[in-house]
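For this chain, numbers begin at 1 and follow the sequence in order. Note that ligands are numbered from 1 as they come in the structure, with each ligand's atoms numbered from 1 the same way.
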Amino acid sequence: MTYTATTNPTGSAAESVPDSPDTTQADSASASPALAPVPDGITLAGVVKRYGGSRAALDVPHLGIPAGSFTVVVGPSGCGKSTGLRVIAGLETADAGRVVIDGADVTGLPAGERGVAMVFQDFALYPQMTVERNISFGLRLAARHDRRHGPSRDEIESRVAEVCARLGLSDLRRRLPRQLSGGERQRVGLARAIVRRPAVLLLDEPLSSLDAQLRQRARAELVRLHRELGNTVVLVTHDQLEALSMGTNLVVMNRGRVVQTGPPEQVYRYPADTFVATFLGSPPMNLHAVTPSDPGPVLTGPGLAARLPEGPRPGPVLLGWRPADGLVEPADGLTEPADGPAAPADHGVVLRGVADVVEFTGDGTVVTCVSPGEDTPWAVSLPGRDRVPAVGDPVRVRVPAERVHLFDPDSGRRLDERTAGAVEH
Ligand SMILES: Nc1ncnc2c1ncn2[C@@H]1O[C@H](COP(=O)(O)OP(=O)(O)OP(=O)(O)O)[C@@H](O)[C@H]1O
């Protein structure tokens, strides 16, 4: 079962909260830590938000965020992620459509009455309060509003101590925000939201100022917290590692629209179109324009020949494969025609090129290759200590047929039916 924080309808500040209007709204939104059941999660229906440009910043016919999910919203800069989150929080008013939380239409409700907590990219801390008081603010407010059911002084203290320990803030409790680094302030912002154990927690790039090590730790803390509370978390990021590793549910956005949703692994394995295919994954998926040979079920392109179990294709397609799915084979002494390799006897793809750039990544090596007659380079990742080609070496790569993705060259859409989740076009 999942829970929502009971809202504080008045949102009245029992303590002065200058200089931080967003925070005031977010704090008042879930001042009370009392919990109530959330059966339905969050639904956006026909939501459109324009800021004046010709294209809507957000245009979402339907999006369901399951209750209790850890949903990560990912997409390139300016695709509408923050706008979507702010519309859910009530900090932005949509031009059309409805927002439903916990089965209740909250479209017309102010942020303070929606039962959500939000952590902002810019932290929005109260400058005159210590770390400790910033973190405990919402709990203290709840205690004052409801002396019988609100948290006791001891409970507030122990919860603040616990969250400080979790996020490495214990030694900084008496400092003011101006005495903290950007990453430390970000952790305080996060601590202030999670200490209230909100049923709906909205996080806008909450880890962007953290260094790699702290980021890893904060990621793990957020995932653990979600597991413990079973609350609904919506996290916005443009970091695809965060997108793939943290969530139970992924929402990929592009140009104001949701392009694919589903469990991260499925979205990664079966991207709905070439945008999702190339946005998720580093290095991105390789795409090759190929045409069917005549006769037979063989597809060819510059430096590439493929034999796929799907059988003959009527026209050109885009053939995709992930750099980590390519197996480098010895290329010495090959006697293939200059314009490309012979079609493999078994199902699969064979590529031929020359190593152009060789990058050591720590865990392995990425080799970027060029094929004769092809302008766009392609990349293959070699794990561990595999024998690495040098720049200028011939490279031959085989890709198993089951790791091949086919897309329509005009629409960019995936051609098979294995796509996960809802897809919008
Ligand atoms: N207050 C505003 N006034 C005018 N345009 C805005 C405003 N806020 C956002 N936009 C525009 O709306 C679009 C979506 O912005 P949004 O901040 O939601 O994107 P985002 O995906 O969160 O980007 P980022 O990852 O860079 O934070 C962008 O084109 C942006 O320039």
Practice item. Please confirm whether Gly75 comes under 4.0 Å of ligand 1, counting heavy atoms of the residue only. Key: no
Review point. Quick check: does Cys79 get an N/O under 3.5 Å from an N/O on ligand 1?
Key: yes
Review point. Cut-off 3.5 Å, side chains only: do Gln240 and Tyr268 have a donor facing an acceptor?
Key: no
Review point. Hey, is Pro76 one of the residues with a heavy atom under 4.0 angstrom from ligand 1?
Key: yes
Study note, to complete from the structure: Taking every heavy atom of Val267 against every heavy atom of Val276, the minimum-distance pair comes out as CG1-CG1, 3.8 Å
Practice item. Considering the heavy atoms of Thr83, write down every atom of ligand 1 situated less than 4.0 Å from one of them. Key: 14 (C), 15 (O), 16 (P), 18 (O)
Practice item. Compare Ser77, Gly256, Ala57, Gly78 and give the one whose heavy atom is closest to atom 12 (O) of ligand 1. Key: Ala57
Check your understanding: For the residue pair Trp321 and His288, does the interplanar ring angle fall in the parallel (under 30°), tilted (30 to 60°) or perpendicular (over 60°) class?
Key -> parallel
**Study point:** Cationic N near anionic O, under 4.0 Å, Asp105 to Arg98
**Key:** yes
Review point. Is it the case that Arg192 places NZ or CZ above or below the six-membered ring of Tyr126, under 6.0 angstrom from the centre and within 45 degrees of the axis?
Key: yes
